[in-house]
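To start, the structure itself, in C-alpha cells.
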Protein chains: 2
Amino acid sequence: MRISTKGRYALRVMIDLAEHPGEDRVPLKDIAARQEISEKYLESIIAVLSKASYVDAVRGKGGGYRLSRPAQTYSAGSILRLAEGSLSPVSCLDSDEPCIRASQCRTLPLWEGLDRVIDDYLDQYTLADLAKPLDASTQIEK
Amino acid sequence: MRISTKGRYALRVMIDLAEHPGEDRVPLKDIAARQEISEKYLESIIAVLSKASYVDAVRGKGGGYRLSRPAQTYSAGSILRLAEGSLSPVSCLDSDEPCIRASQCRTLPLWEGLDRVIDDYLDQYTLADLAKPLDASTQIEK
DNA sequence: TAAATCCCTACCTGACAAGTGGGAAAAATG
DNA sequence: CATTTTTCCCACTTGTCAGGTAGGGATTTA
C-alpha cells in the first residue's frame, strides 16, 4: 500500500513552491536542486500539475513555476490523487460501473470505508500546513 | 496505494473459514473452488497464515484448515498486515531506525498520521464482522 | 542569444506481483 | 502395506510497472 514517488515528489514540489513565494517564478532547475530530484523526472511530474492548473507556468528567460492559488486552498489529498491517479485501495472502487458481485462481496464495505477514511484524512491537510511546519501554530492536532 | 492479491486473498480465505465452522477441517481444495482462486497460489498464501498460527492445519486424508481462534479475535488489519508484510504508505515508516532527515522532513507527520488512520480503521473490523455480512446486526456503523 | 518551459519518443533496469509445476512427507483408509 | 488425500516445500516463469535516463526539437521571453 505504498504511495509512489510520483505522489511524493509532486507533494514536495508543491511544498517547495509554497515555501518560495518571494521569488516570483521558480525555475524547475532550482526545485530539482533543492529537492535533489532529477530535473528530467520532475519535468514529467510537474507537467501533470501544470495541466491541472495547480501551478502556473511561464516560459522563457526569467520564467518558471508558481502556485496558481493560495497554499491553504490545496489539500494534500487533491495533490496526491492528481499525481497518483487514484488512491483507492482496490481497483473495483475506481470503475464507474460497480462489480457484478458487489452485492455478494464480503469485503466491499471494508474497502469503501477504508477509501473514505484515507481521503478524509488527506483532505484535512493543506499545503499551508505542510510548508514551514516549524511554525507549530499551523500544525493540525493529531 | 493498492492492496495486493496476497492481502485480499488472505482475507477471503479467512472469511471462508469463518463461514464454514461446521466442517471441522476445510481442505484448501474446497476454499479454492469456492473462491475461484488457483489452489496452487492459495497454497503460498495460506502458508503465511499457518506459520503465524492464524490457522491450524492438519495433514493427510480428512485434514485441512481451521481458524485457530474465534472469528471476533482477528482484526482485518492484523490479517492484512501479515499477508502484505506492511501497510504503511511510505517505506521510511517501516525501518526501525528513523530517517536521517526526519527532523527536517515536511511530510513525515502526514505519513505517520495516515498510517495511524489506516491501522485504526482496519483494526476495528473483525473477521466476524466480515463473515456473513447479510446479518445487519454484525455490521459496523459507518 | 540565452534561459526557460513544453512536448515527444525511446529505452533501460530491477523489483515485484501473480502465478505454475513437481514432488516429498504425513495421515487416514482399505 | 498400499493407496489416497491432504499439507508442505522449493524452484521457476511471466508480465507489468516503478522509477527513472537520454536526447532532441519547438516555443517563448528577457
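It should be emphasised that the depicted structure is a prediction, and the values quoted were computed from it without experimental measurement. Residue numbering restarts at 1 for every chain, and letters A, B, ... go by the order of the sequence lines.
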Do the side-chain N or O atoms of B/Tyr65 get closer than 4.0 angstrom to the phosphate oxygens (OP1, OP2) of D/dC8? yes
Under the side-chain hydrogen bond (donor to acceptor under 3.5 Å, both in side chains) test, residues paired with [X] that sit two or more places apart:
| X | result |
| --- | --- |
| A/Asp119 | A/Arg81 |
| A/Ser91 | none |
| A/Thr5 | A/Tyr41 |

Nearest-angstrom distance from the residue atom [atom1] of [X] to [atom2] of [N]:
| X | N | atom1 | atom2 | result |
| --- | --- | --- | --- | --- |
| A/Ile45 | D/dA18 | CD1 | P | 12 Å |
| B/Lys29 | D/dT5 | NZ | P | 7 Å |
| B/Leu42 | D/dT7 | CG | C1' | 14 Å |
| B/Glu39 | D/dT5 | CD | P | 12 Å |
| A/Asp24 | D/dA30 | CG | C1' | 14 Å |
| A/Tyr41 | D/dG19 | OH | C1' | 5 Å |

By the 4.0 Å heavy-atom rule, please label A/Ser44 as base, sugar-phosphate, or nothing.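 Contact class for A/Ser44: none.
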So B/Ile46, base contact, sugar-phosphate only, or nothing? Heavy-atom distance under 4.0 Å. nothing
A/Gln124 and A/Asp129 have their tightest heavy-atom pair at O-OD2, 3.8 Å
A/Ser68 to A/Asp56 - nearest heavy-atom pair and separation: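 Nearest pair, atom of A/Ser68 first, then A/Asp56: CB-CB, 4.1 Å.
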In B/S/- notation, 5' to 3', how is nucleotides 23-28 of chain D contacted by protein heavy atoms closer than 4.0 Å? BB--BB
Do B/Leu67 and B/Leu127 have side chains that get closer than 4.5 Å, going by heavy atoms? yes
Once salt bridge (Lys or Arg N to Asp or Glu O under 4.0 Å) is applied, do any residues pair with A/Lys40, and if so which ones, sequence neighbours excluded?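 Checked A/Lys40 against salt bridge (Lys or Arg N to Asp or Glu O under 4.0 Å); matches are A/Glu43.
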My understanding is that only residues two or more places apart in sequence, or in another chain, count here; which of them pass salt bridge (Lys or Arg N to Asp or Glu O under 4.0 Å) with B/Arg2? A/Asp94
Taking five pairs at each end, how big is the angle between the two axes of the helix from C/dT1-D/dA30 to C/dG30-D/dC1, to 10°? 10°
Where chain A begins and ends its contact with DNA chain C, read 5' to 3' at 4.0 Å from heavy atoms: C/dA3 to C/dC7
Quick check against the 3.5 Å criterion: does [X] have a side-chain atom that pairs as donor or acceptor with the backbone of [Y]?
| X | Y | value |
| --- | --- | --- |
| A/Glu84 | A/Ser4 | yes |
| A/Tyr54 | A/Val48 | no |
| B/Tyr74 | B/Arg69 | yes |
| A/Arg106 | B/Ile15 | no |
| B/Tyr121 | A/Leu110 | yes |

Between the side chains of B/Asp123 and B/Ser75, is a donor N or O closer than 3.5 angstrom to an acceptor N or O?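 Distance-only check passes for B/Asp123 and B/Ser75.
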In residues 77-85 of chain A, which ones come under 4.0 Å of DNA chain C, going by heavy atoms? none
Apply side chain to side chain contact (heavy atoms under 4.5 Å, CB included) to B/Glu39 and list each qualifying residue two or more places apart in sequence or on a separate chain. B/Leu28, B/Lys29, B/Ala32
Closest-nucleotide ordering on DNA chain D, the 5'-leading residue of B/Ala57 and A/Ile37: B/Ala57
Can you pull the ring-ring contact (aromatic ring centres under 6.0 Å, His included) pairs that have at least one residue in residues 90-114 of chain B, sequence neighbours excluded? none
Quick one, which residues of residues 4-14 of chain B touch DNA chain D with a heavy atom under 4.0 Å?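 Heavy-atom cutoff 4.0 Å gives no residues at all.
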